[in-house]
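A quick write-up on the structure given underneath.
Since this is a predicted model, take the numbers as computed values, not measurements.
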Amino acid sequence: MSEDESNDVDAGEQMQLGGIKTMPFILANDFCDRFATIGFNANLITYLTAELHLPLVEASNTLTNFNGASNLTPIVGGLIADSFAGRFWTIAAGSVAYQLGMVGLTVSALLPSLRPPPCRGEAGQACQRATPWQLLVLYLSLLCTSVGTGGTRPCVMAFGADQFELGKQRRRGDGEADSPRWSFFNLYFFGVELAKLVAITAVVYIQENVGWGWGLGVPTIAMLAAVTAFVAGYPLYVKMAPGGSPLTRLAQVAVAAFRKRKLAVPANPSLLYDDKKLDAGVSTTGRLLHTDQLKFFDRAAVVTDGDMERGGVPRPWRLSTGHRVEELKSIIRMLPIWAAGILLVTSASHNHSFAIQQARTMDRRVTASLEIPPASMLIFSNVAMLSTLALYDRVLVPRLRRLTGHPAGITHLQRTGVGLVISTASNAVAAVVERARRRAAARHGLLDSPGATVPMSVFWMAPQYAIHGAADAFMDVGRMEFLYDQAPDGMRSTAAALYWLTMSAGSYTGTLLVTAVHEGTKGEGEWLQDNLNRGRLDSYYWLVVTLQLINVVYFVICAKLYTYKKVEVVDQESAGGRDETVDQASVGENEMDDEKGSRVEDVELQPLLLSDVTLA
């Protein structure tokens, strides 16, 4: 076989990588991750207090620390993936770590030597607390699961989206026709919510009625199958090579710009330093073009004496390319939009605390002999999000496309804004329902009977959960699409980790808000107290609504001022389907290079469905 024929075969094989055939491997891995995480977390407080006999405060702190760590480790995992390991190997390593943690938890639930003996006597008398050795096994297992989520959560979404964006680029010259599409991120979140729904029903039921051994063993077995399947799909994946530490590149730009802070920025952006070969590893889908915002950092790309080593190699802490300058600009521009999600998480944090306590005081009868557990009210949120995702992608998007002409129907920022507004409505409904619940308690003389059941059906709370689920379908997906689309190629895992950092920051902000309200309203009219019938939880909800309205205004201003990144685009038709770009130093923007058949376009990226799943 000749060299040319060999190259044709290799190119043909490359065209087959990625696409929908990779989804069973990728999504199954994350499905089981969430299945295991939610299935255990939903009852973790019960396991710690009822099985390990920890005091409530210590058990609560353990739960808080575990959740905090699980939402912070994705930042580290994203940096590792973008810096040197790549997304595939980071996901694989994280999945193995998570598997080890789940095995440790399951073994501790099965072996009597790793648990204290059951309580003896009546009313929980003579309960022996877990020994330091037994707690060490627990903490090491939880640590492994936290490390595992750090490897999977920031990378699975970006890696899955890569299979369609990068795979689609490799197939463009193949004459592939457009087909009906389902946004990858909609599909991803649909799978996540389905995993949550199964976990809070089936797994919790097994834990409560069969035992903790099987309750933890089922998700552990599912996780093992997912890890095996994900690794088995290795030959099918499009794998983007890591481009070095993104934080190092950002720091180099900032340091170089600061060193040259007294220099004047050239009026012509083409005079800024550019090096196509140097940026090849961090600009897979195209180099970033110059934008007029944050011009201070352009100084990092101004060539001065001493910026070059012998052989023409730039000193990275003195000189950066225009692409690397724009990487830093892109991240900085994204941060105000990202910050708007923090209050969304804060506004939903009470769904796992105050709202459950509300439900506990209400009539929870489904039938004469069946009551719905208070925590199971979250089912309404899960079902609403699943329904909204399906309705949005299969019904709304086609109609919105005809109205707006936008490939996604509406932009990612518009979708995020809709989610913020719907979330505000959710808390307004919660405030109205809580006020009605307190009035019902007052009418029946139950103000001083916090343990009594208020004669008001718990299903009055279903709308607030459902509205919140619909808000998540807009907000969560819109935020993730925005982060993936607007992040530089070499920083997408790190950008996805920002999503989880939002969860962590929002949770801690919720704690601060509750603490401030509790301290600020102490006295006769205390808002938050153990006796909800005497408290003013509805006032707390209205406070959250007010903060959310301010947040909506803030988000709209940020969205109006936001500048989308600009990328170099290759004319694949003229280039004969080859992945080639034009060096900015040799031709101007929008000019055709006759030899290569490519052009550079100054394109302002609107949020496109870069990561679509072809169903047909």
Side-chain angles (χ1 to χ4, degrees), residues 82-84 241-335 486-492 494 563-570 579-596 598-605:
D82 287 338
S83 300
F84 59 88
S245 172
L247 289 185
T248 299
R249 294 201 303 276
L250 298 181
Q252 287 169 343
V253 173
V255 170
F258 181 78
R259 283 179 170 176
K260 301 174 182 178
R261 60 190 178 278
K262 296 182 180 180
L263 291 180
V265 178
N268 186 355
S270 64
L271 298 177
L272 299 176
Y273 178 70
D274 205 359
D275 189 327
K276 179 181 176 181
K277 291 183 179 180
L278 184 63
D279 292 333
V282 293
S283 56
T284 306
T285 60
R287 290 178 299 163
L288 298 177
L289 301 178
H290 182 265
T291 56
D292 291 330
Q293 289 183 326
L294 303 170
K295 288 187 175 182
F296 170 82
F297 295 107
D298 289 344
R299 292 174 171 83
V302 176
V303 182
T304 61
D305 292 338
D307 286 349
M308 294 288 189
E309 297 177 354
R310 291 182 179 179
V313 179
R315 300 179 186 272
W317 294 96
R318 292 184 58 87
L319 180 64
S320 297
T321 64
H323 171 81
R324 297 179 182 224
V325 170
E326 292 302 321
E327 281 187 325
L328 178 58
K329 289 184 181 181
S330 295
I331 295 297
I332 293 176
R333 286 196 299 262
M334 290 166 58
L335 291 179
Q486 291 299 297
D489 292 348
M491 299 185 181
R492 280 177 167 165
T494 304
T563 299
Y564 289 96
K565 70 180 185 182
K566 301 179 181 182
V567 296
E568 186 180 59
V569 177
V570 182
D579 289 331
E580 300 181 19
T581 58
V582 180
D583 188 71
Q584 282 285 97
S586 60
V587 295
E589 295 175 7
N590 300 315
E591 292 183 2
M592 184 69 70
D593 184 317
D594 295 331
E595 180 181 354
K596 294 183 178 179
S598 303
R599 70 169 181 266
V600 174
E601 294 181 348
D602 185 9
V603 178
E604 182 173 355
L605 279 186

Review point. Out of curiosity, T563 OG1 to D292 CG, how far, rounded to the nearest 0.5 Å?
Key: 8.5 Å

**Study point:** H290 and D298: CA distance, side-chain angles, deciding distance, side chain to side chain donor-acceptor pair (under 3.5 Å) verdict
**Key:** CA-CA 9 Å; H290 182 265; D298 289 344; 2.8 Å; yes

Check your understanding: Charged N to carboxylate O below 4.0 Å: is that the case for R318 and D307?
Key -> yes

Review point. What is the distance from atom CZ of R299 to atom NZ of K260, rounded to the nearest 0.5 Å?
Key: 11.0 Å

Exercise for review: Could you tell me which non-hydrogen atom of A256 sits nearest to which non-hydrogen atom of A300, and how far apart they are?
Suggested key: CB-CB, 3.7 Å

Review point. Just wondering, are more than 12 heavy atoms of other shown residues or ligands nearer than 6.0 Å to CZ in F296?
Key: yes

Practice item. Begin from the C-alpha positions of L263 and T304 and carry the test side chain to side chain contact (heavy atoms under 4.5 Å, CB included) through to its verdict. Key: CA-CA 10 Å; L263 291 180; T304 61; 3.5 Å; yes

Check your understanding: Hey, does Q293 have a side-chain heavy atom less than 4.5 Å from the side chain of I332?
Key -> no

Point to revise | Audit row: K329, E326, salt bridge (charged side-chain N to carboxylate O under 4.0 Å, His left out) steps and yes/no | key: CA-CA 5 Å; K329 289 184 181 181; E326 292 302 321; 3.1 Å; yes

Point to revise | Side chain to side chain, V265 and V302, heavy atoms closer than 4.5 Å | key: no

Practice item. Taking the side chain as every heavy atom from C-beta outward, state whether K566 and L288 have any pair of such atoms under 4.5 Å apart. Key: no

**Study point:** Flag side-chain contact, heavy atom, 4.5 Å: P314 against Y273
**Key:** yes

Point to revise | Test log, rule side chain to side chain contact (heavy atoms under 4.5 Å, CB included), inputs V253 and W317 | key: CA-CA 7 Å; V253 173; W317 294 96; over 6 Å; no

Review point. Out of curiosity, L319 CG to R259 CZ, how far, rounded to the nearest 0.5 Å?
Key: 11.5 Å

Check your understanding: Would you say R315 and M308 make side-chain contact, with heavy atoms under 4.5 Å?
Key -> no

Review point. Can you find a pair of side-chain heavy atoms, one from R287 and one from D274, that are under 4.5 Å apart?
Key: yes

Point to revise | Separation of S320 OG from D279 CG (nearest 0.5 Å) | key: 9.5 Å

Check your understanding: Side-chain contact, heavy-atom cut-off 4.5 Å: R333 with K565?
Key -> yes

Check your understanding: In Å, rounded to the nearest 0.5 Å, how long is the span from CZ of F297 to OG1 of T291?
Key -> 11.5 Å

**Study point:** D275-T321 side chain donor-acceptor pair, cut-off 3.5 Å
**Key:** no

